[in-house]
Structure formats: C-alpha cells, structure tokens
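Take a look at the structure below.
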Amino acid sequence: MNLREFIGESTEYDKKQAVEMEKPKSWLKSVSAFANTAGGMLIFGVTDDEQVIGLEDIKSAPEYVSQMVKECISPFPQIVMQLYTVEDGKDILMVRVLAGTDTPYYYTADGVIEAYIRIGNESVLADSMELKRLVLRGNHSLDDALISPYDYEDYSLRKLCERYKAWTGNSMTEKR
C-alpha cells in the first residue's frame, strides 16, 4: 500500500487521524456523502498533513466502524474494509464506500436525519434540490421520464395559437 498516492483530501478520499468514537458523525457524514455521490474511501490513521500515525487498536476499529455504519446510516451502504501495516509497522484502516443505488443515504443519529454529498474535498449537507435528485436516483427515475400531472389533450399548438391571438390580438404565423 503506497499512501503517497493519496495526497491531501479529494472528492474520492478523506483522511482521518483516528476512528473518532466520541463524535462518530465527524466521519459518518463522509460515509453518507460517498454513498450518495460517486463512492470514496476513508483512510483512518493518517493526519491531514500526511503523517502516518496508525491506529492504536486496529482489531476493534473495523468492528466499531461497521457497527456505527449499521446504526447511523440508513439504508446501509455497501462498504469494504481493508487493514494495512505501513511505514514503521503502523496499522491503518481503509474503508471503501461504494456509490449507492438506493439514495439518499441518511445519517440518522443525534436526533437528526441528514443526507450528505461530496463536493470537492468536503462532505456537505445536501440542499433541497440535491435531495430531490437523490430521491429520483434512488427510485431509478429520471426527470424526463416522470409522468406529467397535466393532460396532453389540454395542450396543443392549436390551443396555443388561439390563446396567443386572445392575449395579443395577433395571429401566429408559421415561419420557415
């Protein structure tokens, strides 16, 4: 595993110094964001300034991460965890979150229900428009495939021409 490939943080990966147990939202919102966008990876045991510090308890960290994802993210996203021993025998945990098909993936703890998306190197709260897109994507619907609430019979070029003449007093002419 060559951690030098992962410079800084990006849309595709987020580095965390530790598996924060007191405030798991700090990394769970990234899980939600990765699942709601193009997927991504959390790298635990590396500081923001690229220093590999490793995790103290590499055996319990994956269990805790798995448990928190099951308890706090709904629906459950698909994750793949890998343990590595790197520089100077330090252990890191890499959690790959696959792009989800059942969006939106919500963070559901601390009395809130929030969906996050990844923008650049940040996990940000999805706004109302993005949330609508996530719901449509999760329902496997596209904007142009939605059924219109209007009757087709109520709309035609002939009716448009009649309304135009009523509004303006002019007739619409066909130009080629």
Flag, side chain of D127 to backbone of M129, donor-acceptor distance under 3.5 Å: yes
Side-chain donor/acceptor of T103 to backbone N/O of Y105, under 3.5 Å: no
I53, CD1 atom: more than 12 neighbouring heavy atoms under 6.0 Å: yes
Side chains of Y107 and I113 in contact at under 4.5 Å (non-hydrogen atoms): no
Pairing of E122 and K29 as salt bridge, 4.0 angstrom limit: no
R133 bridged to E130 by N-O distance under 4.0 Å: yes
Expected output: side-chain T47 to main-chain Q51 donor-acceptor under 3.5 Å: yes
Test item: R118 and D14 side chains (from C-beta on) under 4.5 Å apart, heavy atoms: yes
OG1 on T85 to CD1 on I58, rounded to 0.5 Å: 7.5 Å
Joint hydrophobic cluster, Y106 plus L125, side-chain heavy atoms closer than 4.5 Å: no
Side chain K16, main chain S26, donor-acceptor under 3.5 Å: yes
Result block: side-chain N/O donor-acceptor pairs under 3.5 angstrom for residues 64-81, not counting sequence neighbours:
unit_1	atom_1	unit_2	atom_2	d
Y64	OH	M21	O	3.2
Q67	NE2	E71	OE2	2.5

